[in-house]
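For clarity, every value in this text was computed on a predicted model and none was experimentally measured. We count residues from 1, following the sequence as given.
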Amino acid sequence: MSSIKKEYLCQVTIIEARDLAGINSEGSCDPFIRVTCGNAGSQATTANEDNTNPCWNQSFTFSKLMLTDMELETWELKIECLNHNQFLKNSLVGSFSFGLATLHRNSNHEFYGMWITLLHPDHGSSPRGYVLMNCFIVGPQDIPPAHAIGEHMGLEEDADESDDDMMDELLTPEQRKLKKLKAQSVKIVGAPMIARKSYQLSVNIYKAEHFGNHPNAFVSARTCGFVDKTHTMKETNDPIWNVKLSFPAYKPILNDRITVRVWDQRPLARDIMIATIPEIPSDHDFFNITNLLSRGGVMPCRWIPLYGQNLEESSIWDGVKEMVGSKKKSYIGTCYKGRLLLSLTVSPNDDPETGASRAAPYREPIAKIHSLRVILFELKNAKNCGDTVRIRISMGPFNVWSKKTGKRETTDSNTNETIEYFQWGSAYSGEQIAEIKEPFPIDPSQAPDVFLDLYSEGLLGGEKRIGYIRKPASEIIGRDYPFWLPFRSLDTHSEVGSDSPGLVLVSMSYQVDEGSGQKSGVVKSKPRKADRWLCWNVYGGLDMAPSLEDEDTNLALKIYCGDSVINLPDEISEQCAHTKYPIWKWSGVKPLQLHEDLHFEQNLRLEVYNKSTIMKWFDSTDEIGQFSVPLYVCENQWSQPHFFHVINAREQGVSQGRVLAEFFIAKSSIDSSNNPCKRESEATMKCDIEFAIIGIRNLVPKYEKPEITVTIPGYTMEKDVKAEISVSEVKNKDRSNPNFLTIIKFKNVTLPVTPIYLPALYIKLKDTAFLSWNECYTFIPLMPYAHWITDEAIKREALELYNRNFTVKELIEQVPLRSVPQEKLRRTGDESYTDYAEDCIPDDSANEEDNNTQGKELDMSDIFDPKNSRLTKKIQFDKVEVDEEIEIRLREDKEKELNSELEILRAQAKKQTEKKGEVKETLKLEIRKKERELDVVKEGVMTEKRFMKKDEVLDEDGFQYNRPIYKQGPYEEALELPYERYFLFRKTKNTEKLSAFRVGEPTGAILKSSVYIRILEDGKPYDPNTSFPDPDTFTNDFNFFHPGFRGTETLMSIFGENNFDVRVYILRGLSLSAVDNAPDWIAFSGGLDALSSANSYPQLIIGDHKDVDGKYVNDTKPELKNLNPEFFRSYEMEAEIPSDWKLQISIFNLNEYGFDNIIGSTIIDLEDRYFGDPYTSKKLMMKELKNHCDREIEETQEPKLREWLVKIRKNVKRDAARLDVSQHVAPVEYRALENRGKKTAQGMIELFLEVLDSQEAKLIPVSKIAKPIPEEYELRFIVYKCEGIPRRPDKEVTDIFFRVAFDCAGWIEESVQKETDAHMGSSDGHGVFNWRMKFHFQLPCTFARLRVNAYDFSTFGDDQVVSEVILDLSRYFSRVLKEGKLSVEESWTDLHLPNKPGTNGGKLMFSFYILSLAEANQRPVGEAQDEPNRDPELETPEEGRGVSDFLKGTAFDVSGWSLWDFGILKKILAVLSLGGMAIVLFIYPGFLTGGAK
């Protein structure tokens, strides 16, 4: 697991919430959502007042998340719903968390349209509400997800999702009626139907042992967003808890990580973490819920060893060391901290519990007495170890020490090089360390790791640990041979090169102790030495010393084997100087004295140095790097040589080049003449290497006098062969995009037949202008062009070896490995390497000088792999032999038949429309059936050719682009380019650039070229005037080296300066990174930010022509506050290629107060788009070939040549007639937006692009695109009456009125609210209204719902909600889009008490009508009972509208008065008195005084 931090981007969209738990006294809440992603802080939505079913539809972007692999596995995305309190702390409604690693591992790195259940720690597994959301996380090489317009997001989870009208004809009339009634039933918005299964997860914490320093220990567990802990056991090294921590878990599992931590509680100080379980999280351990379920849901009681850092070894200088980079953080423990006994269970449970309780009785794992026996032999490559060292061997709390040993020296007789080492025991026997014999679990995975700690005496006395080795017990069980182990540095935790304190030869055995008669199983002495012969062949190097200039490169090699050092001869070194691609061909045989068992020998090591001269007087050598090979893997001869990466620890583990080499240890005498490693001379051939150079694009800065030089570096050629060819003639004036348009030929070159030995072309571009030092370079391997290799497996294997990029940080050894093909990595995501030399290297994972941590393979195909060398995806098709001509003819006949039938049916539909204004349903169904049948016929039989045309399906949501849709990544991968593209590099010492690109820093410039290796027959020079291959044996696809051109550069002319029309159709932006803050004041006052919006607009630049008409568009009309803007804009621009080779599309955010921010941009190579179109490239090829043949036929006098050219021209005409013009349609593509300051994609842009020459543009009209136009509709909602509306406890009657709110835009706009009049004095909850309400809206809309609240009217106070319901109209809106209008007759729906779904709150009779706004304007109706009162005519109710109804339930209630009741008289007098007072006070205030005169 890498400790390198990688950049991620996470985007979260909070859509809505339902059935939130009430917090205040009225059972409601003022909710808002707080989103927290890892350590990137929190962002919040707006707050909704008094709403338990709020809508937000807000997105939040967390950019520049810097996470290691460990942090990605551990950290979470937390969703919290809070109730806003203006004066006090916001209270938690419920929360949920996603595991970032779980999210990243999911398909497309996202959860889309996901309903999550909010839970509260104090309420167990009881749901506290539901939230609908989308979220995704992408890393540096990931692509954000793309979705269709209006794709279902869970908003219509119960709506009709399929058009099943075709099945109506199979139903009986009664069944059709029932189906119609069901379709008309109104859906109530409530708790979503979430398909989930609940589980009870139990983490049982029993006890711990072997703690040190008597901590106040407690254990915490975290999973699914819940955290719980045990009680604290004070001041004990062996605490006992016996606690069960219970958590709810749900499937599908959105957060599968279980994290257990052991703490030391410190009073009045921060608690100290002792250890974390698991130490290295992964998706296949017990602490992953998904994996735990797959193992039966039980992890039995087991001991978990704890590891951490030794705090006593820290010093005040550690912070300084970390700042300067000499000390690095380690996620791996460097010492044993104790062990914890626990178990895990997860089982189905409909009502899971939470909290801590007493654990059930347990049974400890079985333990037996085990013995650990260790023999130490010697320590080599000792760096900074002082004069005396000793080693402590520990397993768990038990440890033993070796004796102290002093430093020794030996000198190589040939090189006089001094080698320092430490030795225990004698030359042939090691020191047997005291045996550790203690009880350990019989399961080796529960046993603690074995530590070997290297101690050295300090300058001021005392011992200090300077290195450590950590070895799992399972890896040393039954070991009967020694192995070399590298010590890790305590500062860098690296075991590479000079960072490692040394290598120790040790023999260890761990096994059950069965008594005194048991054999130890550990080797105590070294075998005797015998004569052996080292055979080697170091053929050459690639990408050597990437940070050095060519002229400063003078490489020297040293081979260390046994006690011998072998130097590369100076003459070979000088011959291969000043190149990064030396061909040493250094082979030889060296007699050695080696142990018979090569496991006792240190690994063979090859070191690479660079020799330089300082001021012409002093020679110096600088270490480039090294690699090593275990000697025991060289006992058998390898099937072929291998590439070894040269690693230098000082360069942060970045590869410093690759060496092609082979080694073999022979047991019998061998001399140089029969060296089995010398293979390259077995087979050679004579060839011409032809290199077609089109030009270079995007040179920055401009090269005033560019000169391109092509060499085959380090390759020995014959005397008459030019080893270096330069071209300086440029065919255009643009010095940023020079065209060379020439073919360079290396003639009569001797090449090896075996592809792995093939050299590379080294291309160097230099500006020869005065006072210019600009230069750049690249190389092109010839291996992909080995067309004589008919066995694809051999070629693929060689390519895999060649293109493998190894960037491991902590590497000490490399045994030959086979890399996984890039296409396999993309399909399976498996980035591990498998053993390459299976025939010669035993499966010996225990030799840990080759204990490699495999790195991740970077996708280098766009840089190093020419297109025709990429591995084709293996897709299995049914092997059905189909005669395509017969199939096409049958399909055409069927298509004509169906079209004629469709014309008849459509004519009948037209007549019905003219007569009756509508078409019968049966006729509609018949037309649909025929149309679908016609679509099937058009698709035809699925062949591999059709399948590889990629995705040509229309958008699944029904929005038709009428063109193919390409969703398989960058569209550049689908282009059939007639040339290859190679990045040009410059020298750099930036290790990050070298890690990614291996040879230097990319300049941004691109070389466009092609290579062909022409094999010469019998070694004779190629003469196009005498060589006439059969025209039927080659194709007429685009080919610079087509025999018909007879070696000329005719085809190069089409790449000259040409004028093109570029049509850009920008459809949508998808998942754009937010740059605007859009929180409300509530969230902002609470310290919460919200990157949740963007006012985006596109900017287009062709070439570098900013502010030039026709080549620059700055469309500043923004799509406001939308991270998924729908642009649907088209632009027609002009380009002069090659000068205007690129199109840059940028998406900006409009800033009202300052400089507009760029969200991201993408660059499209227009030249590639034009020539990469298969139809265009083939058409141009055939046109030029035909014209060339015409000219040659007229000019030549050679009959044989004329006849040959005539046949070629005939074949060209035949192939031109077969061109498929359908390939000429540009597909809709999805392009990632990049931002220079960020390493992750900042969103996607959906577009398609047409590049046409000026003549084509006149014939092909501009495609018409338009945003889906919202349609205006009117909703007429009628409230008729209600029954059973509950009374308030403090009132005898209810004054009922209804308030209806319609909000189809979510949080963006205020909802439209309308009210009925009041039905006064209802004692039984009955009310009559006959009240019409009109709402205008547009389709499509996001939130199709009506909120209906029944209120109790209050004359002097606030109106109180007594019942409510939310109606979901999404089903009806879907039908309206199809049919144009809809009506729902009188229907009853149940109401529920406020914020209490499922309770009885009465019922309501209503109806509604939806029709287009145009139709509504033609036939208007009034609000309530206003005129025009029709459709239907509503009567004004009188019930509940009188004065007595108004006074009912008050002191003036006259509804129960009787004529002879004296109480009535009192009430009449009271009313008269009040009336008189009102007259005096308000009507005639001067009545008593006689009035004013």
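A heavy-atom distance below 4.5 Å is not found between the side chains of Cys677 and Ser587. Inter-residue side-chain proximity for Phe487 and Ile466 is flagged as unmet; no heavy-atom pair is nearer than 4.5 Å. Two residues are said to be in side-chain contact when any heavy atoms from C-beta on lie closer than 4.5 Å; Ile712 and Ile689 meet this criterion. Taking the side chain as every heavy atom from C-beta outward, Glu431 and Thr405 never approach each other to under 4.5 Å.
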Stepwise side chain to side chain contact (heavy atoms under 4.5 Å, CB included) check, Ile559 with Leu534 = CA-CA 10 Å; Ile559 297 177; Leu534 170 65; 4.3 Å; yes

inquiry  = Could you walk me through whether Leu631 and Arg532 satisfy the side chain to side chain contact (heavy atoms under 4.5 Å, CB included) test, starting with their C-alpha distance in whole Å, then the side-chain angles of each, then the deciding distance to 0.1 Å, before giving a yes or no?
reply    = CA-CA 12 Å; Leu631 274 183; Arg532 295 290 185 265; over 6 Å; no

task = Would you please test Tyr785 and Leu758 for side chain to side chain contact (heavy atoms under 4.5 Å, CB included) and show each step?
result = CA-CA 10 Å; Tyr785 303 97; Leu758 287 173; over 6 Å; no

task = Show your working on side chain to side chain contact (heavy atoms under 4.5 Å, CB included) between Lys678 and Tyr539 and close with a plain yes or no.
result = CA-CA 9 Å; Lys678 193 173 182 180; Tyr539 182 77; over 6 Å; no

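Aromatic ring orientation, Phe644 versus His642: perpendicular (interplanar angle above 60°, classes split at 30° and 60°).
Geometrically, Lys580 does not engage Tyr762 in a cation-pi contact, judged by NZ or CZ lying under 6.0 Å from the ring centre and within 45° of the ring axis. At least one test fails for Lys380 against the ring of Tyr560: distance under 6.0 Å to the centre or angle within 45° of the axis.
A donor-acceptor distance shorter than 3.5 angstrom exists from the side chain of Ser573 to the backbone of Leu555, with no hydrogens or angles considered.
Each of Leu503, Leu454, Leu505 was scored for a side chain to side chain contact (heavy atoms under 4.5 Å, CB included) with Leu379, with one residue passing: Leu454.
Shown here are the ring-ring contact (aromatic ring centres under 6.0 Å, His included) partners of Trp586, two or more places apart in sequence or in another chain: Trp536. Evaluation of the side chain to side chain donor-acceptor pair (under 3.5 Å) rule for Thr709 yields Ser726 as partners, not counting sequence neighbours. When the ring-ring contact (aromatic ring centres under 6.0 Å, His included) test is applied to Phe422, no partner is found at least two apart in sequence or on another chain. Under the rule for a ring-ring contact (aromatic ring centres under 6.0 Å, His included), Phe663 has no partner lying at least two apart in sequence or in another chain. Partners of Arg408 according to the salt bridge (Lys or Arg N to Asp or Glu O under 4.0 Å) rule, which considers only residues two or more places apart in sequence or in another chain, do not exist here. The salt bridge (Lys or Arg N to Asp or Glu O under 4.0 Å) test applied to Arg470 returns Glu279, Asp449, not counting sequence neighbours.
In this structure, Lys764 pairs ionically with Glu775, as a charged nitrogen and a carboxylate oxygen lie closer than 4.0 Å.
With 3.5 Å as the limit, one finds no donor-acceptor pair spanning the side chains of Asp550 and Tyr777. Looking only at atom types and distance, the side chain of Asp671 has a donor-acceptor partner in the side chain of Ser673 under 3.5 Å away.
Between the OH atom in Tyr421 and the CD atom in Glu409 there is a gap of 9.5 Å [rounded to 0.5 Å].
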